[in-house]
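Just below is one structure, and these are the notes that go with it.
Heavy atoms only: backbone and side chains are in, while hydrogens, waters and symmetry mates are out. It should be emphasised that the depicted structure is a prediction, and the values quoted were computed from it without experimental measurement.
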Amino acid sequence: DETLARDFKVAKTLSGSLEIFSLYAKSTKENYQQVVLTFQGGKLQRLEFFDQLGQHSTIQLSKAKDNLSLNAHLFQFKIPKGVDIV
């Protein structure tokens, strides 16, 4: 979308059956300087984040399922006693 194009330069590469999208921050003030999304067969397989401090985090997805029906009660937030919401 427009925000993504405004804040990041996007590059796509192919490696065998993998589609890899690398997002490079246009500003050094962004929390993440680079984000890499790896897809296989149109499904997200891995996310990598490179932050301002030079740290690198990788999230590898396995056994992911698309479009599951989930019960709405799973997404209800109940404020714990003694907690103030600002």
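At least one donor-acceptor pair closer than 3.5 Å links the side chain of Lys26 to the backbone N or O of Ala5. Put simply, the side chain of Gln52 gets close to the backbone of Glu30: a donor and an acceptor are under 3.5 Å apart.
Note that CG of Leu47 is 5.5 Å distant from CG of Leu61, once rounded to the nearest 0.5 Å. Between Gln33 atom CD and His56 atom NE2 the span is 14.0 Å, to the nearest 0.5 Å. Separation of atoms NE2 (His73) and CG (Asn71) is listed at 5.0 Å; rounding is to 0.5 Å. Taking CD1 of Ile20 as the reference point, atom CZ of Phe39 lies at 11.0 Å (rounded to 0.5 Å). To the nearest 0.5 angstrom, Glu48 atom CD is 8.0 Å from Gln34 atom CD. From Ile59, atom CD1 reaches atom CZ of Phe49 across 5.0 Å, with rounding to the nearest 0.5 Å.
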As a quick check of understanding, evaluate side chain to side chain contact (heavy atoms under 4.5 Å, CB included) for Ile85 and Ile79, giving each step before the final call.
CA-CA 8 Å; Ile85 301 295; Ile79 301 170; 3.7 Å; yes
Full working for side chain to side chain contact (heavy atoms under 4.5 Å, CB included) between Lys9 and Leu23:
CA-CA 6 Å; Lys9 175 186 166 210; Leu23 290 72; over 6 Å; no
Could you give me the CA-CA distance, side-chain angles and deciding distance for Leu70 and Phe75, then say whether side chain to side chain contact (heavy atoms under 4.5 Å, CB included) is met?
CA-CA 9 Å; Leu70 299 174; Phe75 301 97; 3.8 Å; yes
Side chain to side chain contact (heavy atoms under 4.5 Å, CB included) between Arg46 and Thr58, worked out
CA-CA 7 Å; Arg46 184 173 59 225; Thr58 300; 3.5 Å; yes
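One hydrophobic cluster holds both Phe21 and Leu4 under the rule that ILVMFWY side chains link at heavy-atom gaps under 4.5 Å. Phe77 and Leu74 fall into different hydrophobic clusters, where Ile, Leu, Val, Met, Phe, Trp and Tyr residues are linked whenever their side-chain heavy atoms come under 4.5 Å apart, directly or through other members. Using a 4.5 Å cut-off between side-chain heavy atoms of Ile, Leu, Val, Met, Phe, Trp and Tyr, with links allowed through other members, Leu44 and Phe8 fall into the same hydrophobic cluster.
Between Phe50 and Val36 the shortest side-chain heavy-atom distance falls below 4.5 Å. The closest side-chain heavy-atom distance from Thr38 to Glu19 is not below 4.5 Å.
By the neighbour-count criterion of 12 heavy atoms within 6.0 Å, atom OH of Tyr32 is sparsely surrounded, having that number or fewer from other residues, nucleotides or ligands.
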